[in-house]
**Student:** 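Have a look at this one before I ask anything.
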Amino acid sequence: MAKIETPRPIRGTQDMLGDTADRFAHVVETFDRVRKLYGFRRIEVPVFESTAVFSRSLGESTDVVSKEMYSFDDRGGDSLTLRPEFTAGIARAYITEGWQQFAPLKVATHGPLFRYERPQKGRYRQFHQIDAEILGASEPLADAELLVFADHLLRELGVSEGVTLTLNTLGDAASRDAWRAALVAHFEGHRDGLSEDSIDRLARNPLRILDSKDPRDQAVVATAPDIDAYLTDEAQAFFGKVTDGLAAAGVAWTRNARLVRGLDYYRHTAFEFVTDRLGAQGTVLGGGRYDGLIENMGGPHTPAVGWAAGIERLAMLLDAPAPFAPTVIIALENDSLLSFGQKALAALRGAGISAEMIATGSPRKRYDKAVKVPAKVLVSITLADDKPVANLRSSEDVPEHAQVRAVLETLG
RNA sequence: GCGAUCGUAGCUCAGUUGGUUAGAGCGCCGGUUUGUGGUACCGGAGGUCGGGAGUUCAAGCCUCCUCGGUCGCCCCA
């Protein structure tokens, strides 16, 4: 008989248990708690959409569209795509569900995203993000609120140490176009000082030269013009109001004049919370204002701003969470008392106390096994004078001790 | 797509210049010891040494190919 071959997991997917899963859950739970403090409503959007949702959002980034997306034809012949980002789907929903009526709309969501990439530290093909967006708000107040929320979340997670908010402005459409033209002129003028990759970028995506990692590009990048000289008065004022909002809330930031977004619908605020603790993947949380997107997708002109953060990356930055364990661990040391043990379990759980029981294997070894469970209270159940006896032992003088004793005493 | 590096038990790993029947710790199962009691002892199950081909009297170890993991480049919505 041929050996049955177990199907392998797909490259870039993860199975999580124990510490990894606990960290993941902690990020999601903390996000869900903090987002309520800021009035962001939970929304759900589909994991897959018409390919057009994302290809329209990504515009002329043909490499990304053709090589990085999980696209397939369904049985009806329609091209569908597993979502590689949240924003496009939310923008689509905003238009097709008539959510304009709720503007300004503050929403939050989290879940899996899919990108066909070579996995490496903090990068997976199925990865997960938390996401927050404000749709239909043109004021810099919205940008500031979103940034304060992000900063607050990182502090709640205890990962703000070593994480820096880097901030830039891409200006309004006029500022952005003028700056872009100046950058292209600058790089064209120093073409021979650029790496091959950057010469290639010059034709494809010139703004990207600014964050080239190639040391050969550093001299030319260092002398490249900042956007500041090209900002309109309005754009300058907008950026000022965002930073005023951060100052008022006590959020620290640093200017990164080299921080850019490749897509044209990004306007004004662009930001990333970065760290050097994640290898080559420095960005922990990133976002910006995308005033042009919804219009690009066939909707009404709708200013919007948002951010997203990788759950796996945040989870890696977390301090080790407490190991998963019940409050009570029961060692059933005599098999004739199984029913008593099950009654005790039901009573404890009914009283809102998490409890587990060890009732298999050699009875004389169950106590030793129970000791190794990091529970707050250990209960051993033995037989004495033909009656069940429950003995309690607390790892410390935990407050649950008395409560557990009270519940067990009701069993008679 | 490109590069570096690693694949030995369920997990973490050892394995000498190529040389008998591939080991340890943890975990699992059974037994001994103790008996308001955690760290002890004995035993057991569990391996196509990632896979294939080659060199050799002989390959976990050397060569080539291949698959997979990790990290980096490219890309980054």
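We name chains A, B, ... by the order of the sequence lines, and we start the count at 1 in each one.
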**Student:** Would you call A:Lys241-A:Asp143 a salt bridge at under 4.0 Å N-O?
**Tutor:**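 The answer is no: the pair does not qualify as a salt bridge.
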**Student:** Is any NZ, NE, NH1 or NH2 atom of the basic residue among A:Arg366 and A:Glu333 found under 4.0 Å from an Asp or Glu carboxylate oxygen of the other?
**Tutor:**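 Not counted as a salt bridge, because no side-chain N and carboxylate O are separated by less than 4.0 Å.
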**Student:** Using ring centroids (six-membered ring only for Trp), state whether A:Trp307 and A:Phe273 fall under 6.0 Å.
**Tutor:**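 Aromatic pair excluded; centres sit 6.0 Å or further apart.
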**Student:** Answer yes or no: are there more than 12 heavy-atom neighbours, outside A:Glu161 itself, under 6.0 Å from its atom CD?
**Tutor:**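 Incorrect, the count does not exceed 12.
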**Student:** Just the rounded figure in Å: distance from P of B:C75 to CD of A:Glu85.
**Tutor:**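 Nearest whole value for this atom pair: 19 Å.
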**Student:** Under 4.0 Å: is that the gap between some side-chain N or O of A:Lys121 and OP1 or OP2 of B:G72?
**Tutor:**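 For B:G72, neither OP1 nor OP2 has a side-chain N or O of A:Lys121 closer than 4.0 Å.
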**Student:** Quick check on B:C71: is either OP1 or OP2 less than 4.0 Å from any side-chain nitrogen or oxygen of A:Gln120?
**Tutor:**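 For A:Gln120, the contact criterion (side-chain N or O under 4.0 Å from OP1 or OP2 of B:C71) is not met.
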**Student:** Quickly, which of A:Arg216, A:Arg201, A:Arg191 forms a salt bridge (charged side-chain N to carboxylate O under 4.0 Å, His left out) with A:Glu196? Name it, please.
**Tutor:**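 Going through the options one by one, the only one that passes is A:Arg216.
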**Student:** Round to a whole Å and report the spacing from CD1 of A:Ile209 to P of B:C74.
**Tutor:**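 The distance from CD1 of A:Ile209 to P of B:C74 comes to 13 Å, rounded to the nearest Å.
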**Student:** Does a distance-only test, which skips hydrogens and angles, find a donor-acceptor pair under 3.5 Å between the side chain of A:Arg123 and the base of B:C75?
**Tutor:**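 Checked by distance alone, the answer is yes.
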**Student:** Is the A:Tyr38 to A:His152 ring centre distance short of 6.0 Å?
**Tutor:**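 Yes, the ring centres sit under 6.0 Å apart.
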**Student:** I need the OH-P distance between A:Tyr116 and B:G1, as an integer number of Å.
**Tutor:**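 Atom-to-atom, A:Tyr116 to B:G1, this comes out as 6 Å.
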**Student:** Encode nucleotides 27-39 of chain B as B, S and - characters from 5' to 3', where the letter depends on protein heavy atoms closer than 4.0 Å: B to the base, S only to sugar-phosphate, - to neither.
**Tutor:** S-SBBS-BBBBB-
**Student:** Measure from CD on A:Glu117 to C1' on B:C73 and round the result to the nearest Å.
**Tutor:**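 The answer, rounded to whole Å, is 13 Å.
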**Student:** For A:Leu259 and B:C76, what is the distance between atoms CG and C1' respectively, to the nearest whole Å?
**Tutor:**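 Result: 13 Å.
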**Student:** With rounding to the closest Å, how many angstrom separate the C1' atoms on B:A59 and B:G54?
**Tutor:**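 Roughly 11 Å separates the two C1' atoms.
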**Student:** Return the 5'-most residue of the pair A:Met69, A:Arg118 with respect to RNA chain B, ranking by each residue's nearest nucleotide.
**Tutor:**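 So the residue in question is A:Arg118.
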**Student:** Does any part of the side chain of A:Glu145, heavy atoms only, come nearer than 4.5 Å to the side chain of A:Lys106, both counted from C-beta?
**Tutor:**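 Yes, close enough: below the 4.5 Å cut-off.
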**Student:** Between A:Ser212 and A:Ile209, is there a donor-acceptor pair closer than 3.5 Å when you use the side chain of the first and the backbone of the second?
**Tutor:**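 No; zero donor-acceptor contacts below 3.5 Å.
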**Student:** Are A:Phe24 and A:His128 an aromatic pair by the rule of ring centers under 6.0 Å?
**Tutor:**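 Yes - the distance between ring centres of A:Phe24 and A:His128 falls below the 6.0 Å cut-off.
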**Student:** How long is the line joining CZ of A:Arg261 and P of B:C75, in whole Å?
**Tutor:**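 Distance, rounded to whole Å: 16 Å.
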**Student:** Between B:A24 and B:G19, how far apart are the two C1' atoms, rounded to whole Å?
**Tutor:**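 Nearest-Å result for B:A24 against B:G19 at atom C1': 22 Å.
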**Student:** Determine the contact category for A:Tyr265: base if any of its heavy atoms lies under 4.0 Å from a base atom, sugar-phosphate if only primed atoms, P, OP1 or OP2 are that close, otherwise nothing.
**Tutor:**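 Contact class for A:Tyr265: none.
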**Student:** Rounded to the Å, how far apart are A:Asp211 CG and B:C75 P?
**Tutor:**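 Those two atoms, CG and P, are 9 Å apart.
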**Student:** When you compare B:C41 with B:U34, how far apart are their P atoms, in angstrom units rounded to a whole number?
**Tutor:**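 Between the two P atoms, the distance is 16 Å.
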**Student:** Could you tell me whether A:Arg83 contacts a base, only the sugar-phosphate backbone, or nothing, with contacts defined as non-hydrogen atoms closer than 4.0 Å?
**Tutor:**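 Answer is nothing: A:Arg83 stays at 4.0 Å or more from every strand.
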**Student:** Using the C1' atom as the reference point in each nucleotide, state the distance between B:U33 and B:G38 in Å, no decimals.
**Tutor:**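 After rounding to an integer number of Å, I get 14 Å for this pair.
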**Student:** When you compare B:C28 with B:A14, how far apart are their P atoms, in angstrom units rounded to a whole number?
**Tutor:**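 Nearest-Å result for B:C28 against B:A14 at atom P: 24 Å.
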**Student:** What's the gap between B:G3 and B:U8 when it is taken at their C1' atoms, as a whole Å value?
**Tutor:**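 About 27 Å, rounded to a whole number of Å.
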**Student:** On RNA chain B, check which nucleotide each of A:Pro9 and A:Arg313 is closest to and give me the residue with the more 5' one.
**Tutor:**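 Final value for this comparison: A:Pro9.
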**Student:** Looking only at atom types and distance, does a side-chain atom of A:Arg289 sit under 3.5 Å from a main-chain N or O of A:Arg267, one as donor and one as acceptor?
**Tutor:**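 The answer is no, because no donor-acceptor pair under 3.5 Å joins these two groups.
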**Student:** Give A:Arg201 one of three labels, base, sugar-phosphate or nothing, depending on what nucleic acid heavy atoms sit under 4.0 Å from its own.
**Tutor:**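 Sugar-phosphate, backbone atoms only, no base.
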**Student:** Using atom C1' of each nucleotide, how far apart are B:C61 and B:G72 to the nearest Å?
**Tutor:**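 It works out to 29 Å between them.
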**Student:** Determine the interatomic distance between C1' on B:G1 and the same-named atom on B:C75; round to the nearest Å.
**Tutor:**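 Per the computed distance, 11 Å lies between those C1' atoms.
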**Student:** Check for a donor-acceptor pair, side chain of A:Thr269 on one end and backbone N or O of A:Gly288 on the other, with a separation under 3.5 Å.
**Tutor:**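 A pair under 3.5 Å: no.
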**Student:** Can you tell me if the side-chain N/O atoms of A:Arg11 get under 4.0 Å from OP1 or OP2 in B:G68?
**Tutor:**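 Affirmative; the distance criterion is met.
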**Student:** In whole angstrom, give the distance that lies between atom CG of A:Leu17 and atom P of B:C11.
**Tutor:**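 Rounding to the nearest Å, CG of A:Leu17 and P of B:C11 are 13 Å apart.
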**Student:** Can you give the dot-bracket line for RNA chain B, using ( ) for pairs inside the strand, [ ] for pairs that cross earlier ones, | for pairs with another strand and . for unpaired bases, where Watson-Crick and G-U count if both distances are under 3.5 Å?
**Tutor:** (((((((..((((.....[...)))).(((((.......))))).....(((((..]....))))))))))))....
